[in-house]
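Structure first, commentary second.
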Protein chains: 2
Amino acid sequence: MITCNLNVNSKNPLYIQLYSFIKQEIESENIGCGEKLPSKRALAAHLKISVITVENAYAQLLAEGYITSKPGSGFYVENFAETDKVSFASEISESIPETMPIHYDFRTNRIDTSDFPFSTWAKLSREVLSEQSVDLLNACHHQGILVLRNEIASYLKEFRGMTVDSEQIVIGAGSEYLTGLIIQLLGRDNAYGVENPGYSKIYKIFSANTSRVFPIPMDEKGASTEAISGFGVNVLHVTPSHHFPLGIVMPVSRRQELLRWANSRADRYIIEDDYDSEFRYAGRPIPTLQSMDKNGSVIYMGTFTKSLAPSMRISYMVLPKQLCGRFTTRLGFYSCTVPVFEQLTLAKFMENGHFERHISRMKKIYRQRRDILCIKISESKLENFVKISGCDAGMHLLLTVENGMKQNELLASAAREGVKVYGLSEYYSFPVTNMPENIIVAGFSGLNTDQLVKGAEALERAWCLK
Amino acid sequence: MITCNLNVNSKNPLYIQLYSFIKQEIESENIGCGEKLPSKRALAAHLKISVITVENAYAQLLAEGYITSKPGSGFYVENFAETDKVSFASEISESIPETMPIHYDFRTNRIDTSDFPFSTWAKLSREVLSEQSVDLLNACHHQGILVLRNEIASYLKEFRGMTVDSEQIVIGAGSEYLTGLIIQLLGRDNAYGVENPGYSKIYKIFSANTSRVFPIPMDEKGASTEAISGFGVNVLHVTPSHHFPLGIVMPVSRRQELLRWANSRADRYIIEDDYDSEFRYAGRPIPTLQSMDKNGSVIYMGTFTKSLAPSMRISYMVLPKQLCGRFTTRLGFYSCTVPVFEQLTLAKFMENGHFERHISRMKKIYRQRRDILCIKISESKLENFVKISGCDAGMHLLLTVENGMKQNELLASAAREGVKVYGLSEYYSFPVTNMPENIIVAGFSGLNTDQLVKGAEALERAWCLK
């Protein structure tokens, strides 16, 4: 039985202490690969803590891929080397007519700006305008103003466990722009790998700027390491915290594999796109590849576009220390693309705790929206043939629909009920032989409670065969 | 004798009417190449107008390269085919120690932000914040908000004589960013030509994004067409209104030559960088290549970085109509990089006439600064051996120093007097055999009257040999 000292007076909650202990035991192989963990109830009794505490600790280990759950049997320590490919069946044919009026659009890239603390932002903007007129007009450091880079470093420390110097941070007008800078920094002749399916803009950016972009197929743990080697890729773009659009949280085994891959050659890099890690609903945030990496092989990217508003083009990247010099030499001539005014306002917004409060508020709102959508589906007839997945984080989830309809029929019948949903196949930048034919991507962040309820009802009408 | 009907009731000043008439006569070859124009006095008497009016008309024709002036002889119609190379003597050796305290820095890229109408800008910002909260948060059109593109189109119509649809305008976070977009639009495999000497960032941007960048040597009319053909260049970046840093205003003959070159093949384009055309001190603004072009071979670029403030990263480009579709298809996925807030504020600033007033005010201020520097030089002992050129426009001028000192001695002796000036050789991205050795680039826009006077006095002390 697992025995550890839990400290009720610690700042860390009990479940985190338990999770950390078990994680350490697994990493040091004191608990062996394939070994069964004690049942939640048994461990709770043994440690004299509540079952909920054990449940939360196990959930976090599960989410991070240290353990797996076998239904009806229990929890087992994961085999870190295992890689099974997800296989999809069948293929997609023609496109959907777009003439129907759409009342409920389950787009993935919408955020709800009605909950943005606009009056606070406007107040801080006014303060910046009245206090800092000189700073507002002169060009700033090419990586962005120091006070904002310091705020971002503190945020990453506190919420992502990352120890980062502000010298490593580069602020830019959106992740798209920064991705372009990374390509210029590392060189256009590298072989770049992008997740397939994945964020279609990422593929387009690499295609517009380089000639060697390779589709990396996904298995159940994320980007397939076998494929990476097969294509001779040396720079890999991934979304490990919450894969877009599959929703996969990359387990620790795959993270370690990727880091080993990257660390084994000097010209290998991983671009870790942490685009929506603020919105994680189950357990603690997943540690970033950047924080696990000891060799400076990871370029980390974060954005305020999703956490604040799409109209504010502010993103940042964290360079490994050994790339900072090269960045300044090769690309230091580029002016920072974010206006000083926005940078100063955001720095104030973070400094005064508004950002943290806003994130925590939006997380509650988005979690509620996710819950409503899931509950509506599970309480309706959809429950019989719709499987929900990828919903532990972010702003979208996947619906696998087993009613015999193919993707086009699913989209068309939804459209007839005034609902726009998206087929997973649309997120493939490169065609694959076994294209998924019955998986729907549904963004829930841009719809309010009422719209979600009505949207789910409309989907029930659309997909329930008479 | 030239005879034309001048209309005193016209909105156009008399000198502009006269200039337009003579220009037309030259273009239609009614006044032949090499022909001598009547003397100013004679033409004034003949047309019953003042000598000043003729003088202004001739000055504009001269600036645009339709005529040349032969001292002591008169004005002659230019031979449009002529291309004489400027030849510089000797070469440069080691660099300058940078340990001296610098009191007067004649940098070229400084603008005076102390004259920025900050309270007006802040007032408009507050209005935008209070009126447009929803628009401020949602993503805008990928080419920028329509109201700002409309304002830019009106501005270009009124001040640059350009007829442009807002659909052709793309707003972006600085000309550097937009240049990167152009490369992605036209393709990395083109052979790009950049002016040498030129704006060093432009060379760096092309180098960071393409593998084929060629230095185009300058002759007295601007980029040498012979060299363009020699290198097999098919996309050419030029600064025709006011060459950076030589100050050359590209004469109409060269403009036409370049347009003929570009129009003769479908894959040839000219990128016209009109970076400081707002600040032209002699005669009317020079027509843009874009407005002379009938075949859609010119991509025009303008910026607010120099006219407003460097901290506001707002530039724009005007695409030829036939490239608009390609832009949307290939690059329409990129979000606009300028925050909606800045775009709305700038649109208001332009709409209410503030921009026009600001430009006109800054033009007066910069002209005054140029005059003070020129006068101080011509009233001092420098007059005997310093030739001023390239000062009809922009924010810098050239000083050719004939006191026997080479560039490094000129910079070092100036530094000992607390003055930082810049050698022309620094603006060569590619070394040339006959590097200029005694030409100094002096920016005057960032120094106030007092600093310019003291700076010029310090240069006198530095460069006057005992």
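Chain letters run A, B, ... following the sequence lines, proteins first, then strands; residues in each count from 1.
In terms of heavy-atom pairs under 4.5 angstrom with chain A, the leader among Met312(B), Arg330(B), Gln343(B), Glu176(B) is Glu176(B). In terms of heavy-atom pairs under 4.5 Å with chain A, the best-connected choice from Thr337(B), Asn209(B), Val340(B) is Asn209(B).
Looking at Asp105(A) and Tyr422(A), their side chains do bring a donor and an acceptor atom within 3.5 Å of each other.
Taking the six-membered ring wherever Trp is involved, the centroid distance between the rings of Tyr199(B) and Tyr427(B) does not fall below 6.0 Å. For an aromatic pair to be called close, the ring centres must be under 6.0 Å apart, and Phe116(B) with His358(B) satisfies this.
Contacts between Ser211(B) and chain A at a heavy-atom distance below 4.5 Å involve backbone atoms as well as side-chain atoms. For chain B, no part of Ser119(A) is nearby; none of its heavy atoms comes within less than 4.5 Å. Looking at Ile205(A), the atoms closer than 4.5 Å to chain B (heavy atoms on both sides) sit in the backbone and in the side chain alike.
Across every non-hydrogen atom of Phe244(B) and Thr108(B), the tightest pair is CZ-OG1, 3.6 Å.
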Could you walk me through whether Tyr177(A) and Tyr334(B) pass ring-ring contact (aromatic ring centres under 6.0 Å, His included), step by step?
CA-CA 9 Å; Tyr177(A) 171 72; Tyr334(B) 277 118; 9.5 Å; no
